[in-house]
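Data block below; observations after.
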Amino acid sequence: MNPMDLTIGEIALEHYLPEKRKRKRTHTVDGYESSIRLHVLPRWEGAAIPEITKSDVQDWVDSLPEKCGPGGAKKAYKCLRQIIRWAIDEWGLFVADPTRGIELPRMPKCNIETLTHRRLKRLIRGMVGCECEETLIISAALGVRPGESYAVDWPNINWRTGHVPINKTLQPGSEGLRLWPTKTAKGDRDGYLPAWALDRLHQLWVEKGRPRGRIIGNLTPSQVRYRIQKWIRKLRLPRISMKNLRHTWGTIAAQAGVKIEEVAAMMGHSNIQTTYNYYYAHDAARSKRAQRKVARRILGKTSDDMYKGIVLTPPSLEAMPAAA
């Protein structure tokens, strides 16, 4: 086998994806494969790496947003780039990488749907009686990823301190439901439940007969999501997805003045820039506070402070020079 003669389709399906499935989480590789089959293979399946030029890749990337949007185009490009670079590194190919220097489409501003602290409180209070109330409490109180909340076991909760170790995630995939490590190395962290959540979870645990398994019991993640959303619709509670419940926690923490590095650590972000991009964007309140601080630094708070001693009456129109 001469790797230089292999096509992108052969590399991706026969070598790259099987190799990734040995080390990556199933649903992650499923996402790779979906993008590869939908967008990469229709254009590059029969092409060998030496036949691909940078201009061809750029034209392909430019055409993708019409089909799958800027986000889909970026993911498809990254899949092609991974396949090519994996082959170059795996087989030591001496060939130019045609995916270098590609300009990606501009991503739209990310507007995440979150709840205010008042609407979140209303949601939590309205979930009393729901079969999956404990899962929503874990997510709302700790800001964990959905898979991390599904993986929490009752015995992991320390009823004295409120400590909950976040060190695994429950993910469905093509191979079925499976426990995996957290998304990143920094995803392994210690969560601490606030008093209201700890007390309510203990009450639910006792009412259910002190179970020893997962807090979701024998339900699957999709069944948990369905039951929570059904309860929300039935009682007309504030609507929010499990993923955006995590974003709600991060947003409220940032608004409450929690330091960015602390929010990043508590949410398990591997890069503090992610935390800033999502939760520390300037809103009206932050902008006004910043302007007040700058104004005090310059001279004062009001117009009278700034222009003290200066006559601000505008000159008459007759005194102004005529326009040319």
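Just the heavy atoms: all of them, side chains too, but no hydrogens, waters or symmetry mates, feed the values below. In this chain, residues are counted from 1 in sequence order. Just so it is clear, the model here is predicted, and its values are computed rather than measured.
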request  = Could you tell me if the ring centre of Trp154 sits under 6.0 Å from that of His202?
outcome  = no
message = Using the rule given for side-chain contact (heavy atoms from CB on, under 4.5 Å), can you reason through Glu103 versus Gln58, listing the C-alpha separation, both sets of side-chain angles and the distance that settles it, and then say yes or no?
response = CA-CA 7 Å; Glu103 295 184 17; Gln58 185 66 69; 3.9 Å; yes
message = Tell me whether Asn2 at atom CG has more than 12 heavy atoms from other residues, nucleotides or ligands lying less than 6.0 Å away.
response = yes
query = Is a side-chain donor or acceptor of Glu51 paired with a backbone partner of Ala48 at a separation under 3.5 angstrom?
reply = yes
inquiry  = Testing the basics here: between Arg37 and Leu13, what is the closest heavy-atom pair and its distance to 0.1 Å?
reply    = NH2-CD2, 3.7 Å
message = Does Trp249 form a side-chain contact (heavy atoms from CB on, under 4.5 Å) with Met267? I'd like the steps, not just the answer.
response = CA-CA 9 Å; Trp249 186 94; Met267 299 191 73; 3.7 Å; yes
key: Neighbour count >12 (heavy atoms, 6.0 Å) for atom CE, Met266   = no
key: side chain to side chain donor-acceptor pair (under 3.5 Å) pairs, two or more places apart, involving residues 129-143   = Glu131-Arg227, Glu133-Arg200, Glu134-Lys208, Ser139-Ser149
ask   = Do Leu219 and Cys132 have side-chain heavy atoms sitting under 4.5 Å apart?
value = yes
message = If you compare all heavy atoms of Gly147 against all heavy atoms of Gln171, which two are closest, and at what distance to 0.1 Å?
response = CA-NE2, 4.2 Å
Minimum side-chain heavy-atom gap Pro98-Thr53 below 4.5 Å = no
Side chain to side chain, His247 and Glu113, heavy atoms closer than 4.5 Å = no
inquiry  = Let me check something: do Trp91 and Met4 share a hydrophobic cluster, defined by ILVMFWY side-chain heavy atoms less than 4.5 Å apart, either directly or through other members?
reply    = yes
request  = Kindly check if the number of other-residue, nucleotide or ligand heavy atoms within 6.0 Å of CZ (Arg100) is above 12?
outcome  = no
Connected via hydrophobic side-chain network under 4.5 Å: Val40 and Ile102 = yes
request  = State which residues pass side chain to side chain donor-acceptor pair (under 3.5 Å) with Arg85; sequence neighbours excluded, sorted by chain then number.
outcome  = Asp97
message = Could you check whether any side-chain heavy atom of Arg214 comes within less than 4.5 Å of a side-chain heavy atom of Leu170, counting everything from C-beta outward?
response = yes
task = Please assess Ile112 against Thr248 for the test side-chain contact (heavy atoms from CB on, under 4.5 Å), listing each intermediate value before the final yes or no.
result = CA-CA 9 Å; Ile112 301 173; Thr248 294; over 6 Å; no
key: Value rounded to 0.5 Å, distance of CG in Leu193 from CD1 in Ile138   = 5.0 Å
request  = To the nearest 0.5 angstrom, please state how far the CD atom of Gln229 sits from the OG atom of Ser241.
outcome  = 7.0 Å
ask   = Hey, mind stepping through Leu120 and Leu245 against side-chain contact (heavy atoms from CB on, under 4.5 Å) and telling me if it holds?
value = CA-CA 9 Å; Leu120 178 61; Leu245 199 58; 3.8 Å; yes
note = Minimal heavy-atom distance between Ala151 and Leu179, with the atoms involved, is CB-CD2, 3.8 Å
request  = State plainly whether one hydrophobic cluster holds both Leu177 and Ile228, where clusters connect Ile, Leu, Val, Met, Phe, Trp and Tyr through side-chain heavy atoms under 4.5 angstrom apart.
outcome  = yes
query = Where the side chain of Trp231 meets the backbone of Gly126, is there a donor-acceptor pair that is under 3.5 Å apart?
reply = yes
ask   = How are the rings of Trp60 and Trp44 set relative to one another: parallel (under 30°), tilted (30 to 60°) or perpendicular (over 60°)?
value = perpendicular
remark   = Heavy atoms of Ile166 and Gly191 approach each other most closely as CG1-N, 4.3 Å
message = Any heavy-atom pair between the side chains of Arg43 and Asp56 that's under 4.5 Å?
response = yes
Least distance between heavy atoms, Leu64 atom then Ala73 atom = CB-CB, 3.5 Å
key: Ionic contact status for Glu148 with Arg145, cut-off 4.0 Å   = yes
inquiry  = Can you confirm whether Ile124 sits close enough to Trp196 that some side-chain heavy atom of one is under 4.5 Å from a side-chain heavy atom of the other?
reply    = yes
query = Does Tyr150 use its side chain to pair, donor to acceptor, with the backbone of Ile215 at less than 3.5 Å?
reply = no
query = Under a 4.5 Å cut-off applied to non-hydrogen side-chain atoms, are Trp159 and Leu201 in contact?
reply = yes
key: Over all atoms of both residues, closest heavy-atom pair of Arg106 and Pro70   = O-CB, 3.8 Å
key: Basic-acidic side-chain contact under 4.0 Å: Lys54, Asp59   = no
query = Do NZ/NE/NH1/NH2 and the carboxylate oxygens of Glu33 and Arg21 come within less than 4.0 Å?
reply = yes
task = Would you confirm whether Glu45, through its side chain, and Pro42, through its main-chain N or O, come within 3.5 Å as a donor-acceptor pair?
result = no
request  = Report the distance from atom CG of Leu237 to atom CZ of Arg125, rounding to the nearest 0.5 Å.
outcome  = 11.5 Å
task = Nearest 0.5 Å please: distance from the CD1 atom of Ile252 over to the OG1 atom of Thr116.
result = 7.0 Å
message = Working to the nearest 0.5 angstrom, can you tell me the gap between Ile232 CD1 and Leu136 CG?
response = 6.5 Å
query = Sub-3.5 Å donor-acceptor pair from the side chain of Asn158 to the main-chain atoms of Thr161, do we have one?
reply = yes
inquiry  = Check this for me: Glu66, atom CD, are more than 12 non-hydrogen atoms of other residues, nucleotides or ligands nearer than 6.0 Å?
reply    = no
Heavy-atom side-chain proximity of Ile36 to Ile83 below 4.5 angstrom = yes
query = Can Val164 be reached from Val263 by stepping across I, L, V, M, F, W or Y side chains whose heavy atoms are under 4.5 Å apart?
reply = no
key: Reported CH2-to-CG distance for the pair Trp86 and Leu17, which is rounded to 0.5 angstrom   = 9.5 Å
inquiry  = Just by distance, no angles: are the side chains of Thr275 and His269 close enough, under 3.5 Å, to form a donor-acceptor pair?
reply    = yes
inquiry  = Is there a path of hydrophobic side-chain contacts, each under 4.5 Å between heavy atoms, that joins Ile49 and Val61?
reply    = yes
ask   = Is there a salt bridge (charged side-chain N to carboxylate O under 4.0 Å, His left out) between Lys24 and Asp30 once you walk through the steps?
value = CA-CA 10 Å; Lys24 295 283 187 179; Asp30 288 346; over 6 Å; no
